[in-house]
Number of protein chains: 2
Amino acid sequence: MEQKLFKNYLGEKRLKLTKERLAVLQEVFAFHGHFAPEQLYFRMRDSGSKASRASVYRTLTLLVECGLVQRIARSDRGNVYEHIYGHGHHDHLICSLCGEIIEFYSENLEKIQEEVCRRNKFRGVSHILEIRGICGRCKG
Amino acid sequence: MEQKLFKNYLGEKRLKLTKERLAVLQEVFAFHGHFAPEQLYFRMRDSGSKASRASVYRTLTLLVECGLVQRIARSDRGNVYEHIYGHGHHDHLICSLCGEIIEFYSENLEKIQEEVCRRNKFRGVSHILEIRGICGRCKG
DNA sequence: GGTTAATTGATATTTAATCTCAATTTCATT
DNA sequence: AATGAAATTGAGATTAAATATCAATTAACC
Ligand SMILES: [Mn+2]
Ligand SMILES: [Mn+2]
Ligand SMILES: [Zn+2]
Ligand SMILES: [Zn+2]
């Protein structure tokens with residue numbers, strides 16, 4: 001299903017569905033969790049599918065553009081992504097001590113953001129909400 | 001006033017109030033707007049106050065820790081900061097076309113975030129909410 | 001003033017991400 | 001299936017933000 005969507009997106013933009021792009025897509029959807037581009041690149045090397053580092057980065061950008069993947073944070077060490085198709089949008093609580101990432105979704109929060117956009121004559125397209133603090137386990 | 005707060009913070013932590021740290025603090029509060037560490041560093045060079053690149057980065061971290069400054073985003077090219085003391089917390093709408101940054105504050109949004117933290121047994125310390133989209137002028 | 005631990009800064013290092021460009025591949029068209 | 005134009009790939013170079021090193025300096029406390 002995500003392949004079909006990706007193919008459509010590429011078609012519209014007169015871009016080509018190469019085996020490298022397909023390999024990145026498959027690896028991204030085979031893995032469930034948050035990942036950095038470098039991790040994705042090395043996981044692909046290990047699992048035998050081939051795509052250069054450059055292609056991994058380039059394809060990730062395309063996947064974000066067409067809405068199959070979202071960039072959820074820009075950590076101190078590079079960007080963090082996750083596939084989103086089939087999961088729906090959500091935001092994150094990030095523990096500064098242990099690094100745990102808790103996902104949440106609040107309808108209310110989304111509604112109020114839309115309201116904020118309206119008030120500012122702004123067409124919201126995406127957002128990153130990243131709440132940093134200390135998780136239950138680390139609080140003790 | 002911000003000097004007093006910074007001094008207190010340093011005192012509590014047994015850290016020293018050096019002239020470099022003071023120079024960074026002053027430059028940060030002399031400038032009203034969003035800035036990258038490198039910009040701050042070069043602005044200081046130009047205006048004659050001296051602090052090495054390392055000290056600028058190190059001091060920024062301290063200023064964030066004590067709440068005088070917030071990191072508001074990680075752009076494609078590094079972090080973006082702004083001084084916050086005397087302005088209060090706010091979040092940002094960022095236009096993907098022209099780069100304009102609109103500030104906003106929503107009491108409701110903050111309340112709901114607290115609620116989300118409570119539900120997840122999480123102690124929220126800070127957050128970054130960055131809504132990307134298209135501003136009124138660019139919509140046409 | 002003397003002691004001590006913190007700090008500075010020039011420089012090297014790390015590392016994510018992008019760029020380069022010749023060689024290759026896709027894909028629409030014969 | 002062959003052709004050709006345009007897009008894509010990838011190895012390696014490059015960029016640039018941020019951090020680490022560590023000898024020399026400095027602030028803070030007595
Ligand atoms: Mn997630
Ligand atoms: Mn602001
Ligand atoms: Zn934790
Ligand atoms: Zn705009």
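Every chain is numbered from 1 and lettered A, B, ... according to where its sequence line falls, protein lines coming before strand lines. What you see below is based on every heavy atom in this structure, not just the backbone, and it leaves out hydrogens, waters and symmetry mates.
- Here D:dT9 is the nucleotide among D:dT9, C:dA16, D:dG10 with the atom lying nearest to any side-chain atom of A:Arg21.
- Between B:Arg58 and B:Arg14, it is B:Arg14 whose nearest contact on DNA chain C lies nearer the 5' terminus.
- Atom OH of A:Tyr41 is separated from atom C1' of C:dT18 by 15 Å (rounded to the nearest Å).
- Rounded to an integer number of Å, the gap from CZ of B:Phe42 to C1' of D:dA17 is 11 Å.
- Here the C1' atom of nucleotide C:dA17 and the CD atom of A:Glu38 are 8 Å apart, to the nearest Å.
- For B:Asn79 and D:dT19, the CG to C1' distance is 13 Å, given to the nearest whole Å.
- To the nearest angstrom, C1' of C:dT8 lies 15 Å from CG of B:Leu22.
- Distance from the side chain of B:Tyr57 is smallest to D:dA17 among D:dA17, C:dG9, C:dC19.
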Check: residues 5-18 of chain A side-chain donor-acceptor pairs under 3.5 Å, at least two apart:
unit_1  : atom_1 : unit_2  : atom_2 : d
A:Tyr9  : OH     : A:Glu65 : OE1    : 2.7
A:Thr18 : OG1    : A:Arg21 : N      : 3.2

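- Atom NZ in A:Lys50 sits roughly 12 Å away from atom P in C:dT24 (whole-Å rounding).
- Side chains of A:Glu2 and A:His83: a donor-acceptor N/O pair is absent below 3.5 angstrom, by distance only.
- Using a 4.0 Å heavy-atom distance criterion, B:Lys13 is classed as making no nucleic acid contact.
- A:Ile72 approaches A:His34 most closely through the heavy-atom pair CD1-CD2, 3.3 Å.
- A salt bridge does not link A:Glu114 with A:Lys111: none of the charged nitrogens is closer than 4.0 Å to a carboxylate oxygen.
- No more than 12 heavy atoms of other residues, nucleotides or ligands lie within 6.0 Å of NZ in A:Lys121, so this atom counts as exposed by the packing criterion.
- For D:dT9, neither phosphate oxygen OP1 nor OP2 lies less than 4.0 angstrom from any side-chain nitrogen or oxygen of A:Ser52.
- Under a cutoff of 6.0 Å and an axis angle of 45°, B:Arg119 and A:Phe104 do not form a cation-pi pair.
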Hey, what are the protein-to-nucleotides 27-30 of chain D N/O distances that come in under 3.5 Å?
unit_1 : atom_1 : unit_2  : atom_2 : d
D:dA27 : OP1    : B:Lys19 : NZ     : 2.6
D:dA27 : N3     : B:Lys16 : NZ     : 3.0
D:dA28 : OP1    : B:Leu17 : N      : 3.1

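- Here D:dA18 presents its P atom at 10 Å from CZ of B:Arg53, a figure rounded to the nearest Å.
- Scanning all heavy atoms of the two residues, the minimum distance from B:Ala51 to B:Val24 falls at CB-CG2, 4.3 Å.
- Remark: P of D:dA7 and OH of A:Tyr9 are 15 Å apart, rounded to the nearest angstrom.
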